[in-house]
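Since the structure comes first, as C-alpha cells, the remarks are kept for the end.
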Amino acid sequence: MNNEQKLNIVVLDGICLNPGDLSWDGFKQHGQVTVYDRTAPTDVLERAKDADVIITNKVVIDEALMAQLPRLRYIGVLATGYNIIDIEGAHRHHITVTNIPAYSTDSVAQMTFAHILNITNRVDHYAQDSREGKWAACPDFCYWDTPLRELAGKTLGVVGLGNIGMKVARIAHEFGMDVFALTSKNAADLPDGIQKTTLDGLLATSDILSLHCPLTPDTHHLINADTLGKMKSGAILINLGRGPLVDEQAVAEALHSGHLAAYGTDVMEKEPPAADNPLFREPHAYITPHVAWATLEARQRLMQIAVDNLGAFLNGNPKNSL
C-alpha cells in the first residue's frame, strides 16, 4: 500500500472527536472518507465491509469481524486506550492498529485540578448561591457556609506516574503540596518534590488521592471497601484514570458515612452510567461526563496525530502501532 493508492476510509463514530468544530480533510488526501457520527454493533459489518481503513473511537472490532473484512489493512483508534480492538487477532490478519498516546496530558491534568479546586473551594456551590441572592442578602462583605481548604501543606497521593500522573504531581508541588506516588519508576529517578511509597503508604497519608494508572486486572477495583477503610477519614478521592479503578458502590457508601469527604471523577465503570447509579445520590460526588480529554486543543492534537499515523503507515513507516 502506498500514498498513491486511494483508499476507502470509514470513520465509525466521529461525533465525539468532531462534533462540527474540526475537519476530516486531513484523511481525505488519502482517499474517500465516509464519516458516521455513531455506529451500532449491528451496523458495523455493513458500513465497514469495503473499508481499507477503519477509524474508530469506541466501536469494537473483534477478530470475528476482521475475518469478514477482506480489504481491511489498518485500524486507527481515536484514543489512547485500545481495549476495543483484538490486537492479536489483528496481527493474525495482518492488520496494523495504531492509537493516540499523550495527546490530552495537559487537559486531563487541568481537569484533575478543576475537580480538586471545586471540592476544596466549592466554586460551583458559591456561584450558585450568589445567583440565588444569598451573598446579596448577607449582612457581611463576604459569605460562606462551608469549610474551605488550602492545598499548601496538604499531602497528595498519585497512583501512576505516566504522562498525566507526572504532570499532576508537578502541579501539586507548585501548589506547595507534599507529593507521594505509587509508581514502577525508581525512587532515585523521580523529580525533586515527588517521593515514592507503597499503596498502603498512600492510603494512610493522603489528604487527596488521585488515580492516573492504567486499568489492568491488578488495578480493577483498586479502590474498594478495604482500601477505602485504610484512607484517612475526611480524605478526597479523585479519579481521572478509568472508571473501573474504583468500586462505585463502595465509594458511595464511604461518602454516605462521611469517611470519604468527596469524590471527583470524569469516568465511570459503565459509560454512560445508569441513571440509578448510587453515586448520583451522594451530594459530595462530583461527576463530569468523560470530558477531561475533550478540550478543543486536545482534540485538534488527536486529529492531527490520527492523520499522521495513517500517513506514516502508508509510507511504510508505521508509528504508534500496537
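This structure is a prediction, so every number in the text was calculated from the model and none was measured. What you see below is based on every heavy atom in this structure, not just the backbone, and it leaves out hydrogens, waters and symmetry mates.
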Provide the closest heavy-atom pair for [X] versus [Y] in the form atom of the first, atom of the second, distance.
{"X": "Thr39", "Y": "Leu12", "value": "OG1-O, 2.6 Å"}
{"X": "Leu202", "Y": "Ala181", "value": "CD2-N, 4.0 Å"}
{"X": "Leu156", "Y": "Ser210", "value": "CD1-CB, 4.2 Å"}
{"X": "Gly153", "Y": "Asp178", "value": "O-OD2, 3.9 Å"}
{"X": "Leu148", "Y": "Asn121", "value": "CD2-O, 3.7 Å"}
{"X": "Arg170", "Y": "Pro191", "value": "NH2-CG, 3.5 Å"}

Decide whether [X] and [Y] are clustered together by the hydrophobic rule: side chain heavy atoms of Ile, Leu, Val, Met, Phe, Trp, Tyr closer than 4.5 Å, transitively.
{"X": "Val11", "Y": "Ile305", "value": "yes"}
{"X": "Ile95", "Y": "Val77", "value": "yes"}
{"X": "Ile116", "Y": "Leu240", "value": "yes"}
{"X": "Leu322", "Y": "Leu72", "value": "yes"}
{"X": "Val267", "Y": "Ile238", "value": "no"}

Would you please say whether a donor-acceptor pair under 3.5 Å links the side chains of [X] and [Y]?
{"X": "Gln304", "Y": "Asp308", "answer": "yes"}
{"X": "Asn320", "Y": "Asn309", "answer": "yes"}
{"X": "Glu269", "Y": "His221", "answer": "yes"}
{"X": "His212", "Y": "Asn163", "answer": "no"}
{"X": "Tyr126", "Y": "Thr146", "answer": "yes"}

Verdict with reasoning, Lys134 to Asp129, per salt bridge (Lys or Arg N to Asp or Glu O under 4.0 Å): CA-CA 5 Å; Lys134 293 182 181 178; Asp129 275 3; 3.4 Å; yes
Criterion salt bridge (Lys or Arg N to Asp or Glu O under 4.0 Å) on Asp52 and Arg71, from CA distance to verdict: CA-CA 5 Å; Asp52 301 294; Arg71 290 181 55 172; 2.9 Å; yes
May I ask you to decide if the ring planes of Phe175 and Phe113 are parallel, tilted or perpendicular, using 30° and 60° as cut-offs? parallel
Asp106: partners by salt bridge (charged side-chain N to carboxylate O under 4.0 Å, His left out), with sequence neighbours left out: Lys167
With a 6.0 Å cut-off (strictly less than), is the heavy-atom count around [atom1] of [X], excluding the residue itself, greater than 12?
{"X": "Trp135", "atom1": "CH2", "value": "no"}
{"X": "Glu88", "atom1": "CD", "value": "no"}
{"X": "Gln32", "atom1": "CD", "value": "no"}
{"X": "Glu271", "atom1": "CD", "value": "yes"}
{"X": "His256", "atom1": "NE2", "value": "no"}

Could you list the residues that satisfy ring pair (Phe, Tyr, Trp, His ring centres under 6.0 Å) with Phe180, not counting sequence neighbours? none
Evaluate side-chain contact (heavy atoms from CB on, under 4.5 Å) for Thr56 paired with Ile85, printing each intermediate quantity in order. CA-CA 10 Å; Thr56 179; Ile85 308 298; 4.1 Å; yes
Among all residues two or more places apart in sequence or in another chain, which pass the side chain to side chain contact (heavy atoms under 4.5 Å, CB included) test with Leu22? Leu17, Asn18, Leu296, Arg299, Gln300, Met303
Let me see the working for Tyr82 and Thr98 under side chain to side chain donor-acceptor pair (under 3.5 Å), right down to the final yes or no. CA-CA 9 Å; Tyr82 50 88; Thr98 64; over 6 Å; no
Under the side chain to side chain donor-acceptor pair (under 3.5 Å) test against Asp266, which residue among Asn239, Thr112, Thr288 passes? Thr288
Please report the C-alpha distance between Val251 and Leu279 in whole Å, then the side-chain angles of each, then the deciding distance to 0.1 Å, and finally whether the side-chain contact (heavy atoms from CB on, under 4.5 Å) criterion is met. CA-CA 8 Å; Val251 170; Leu279 287 172; 3.9 Å; yes
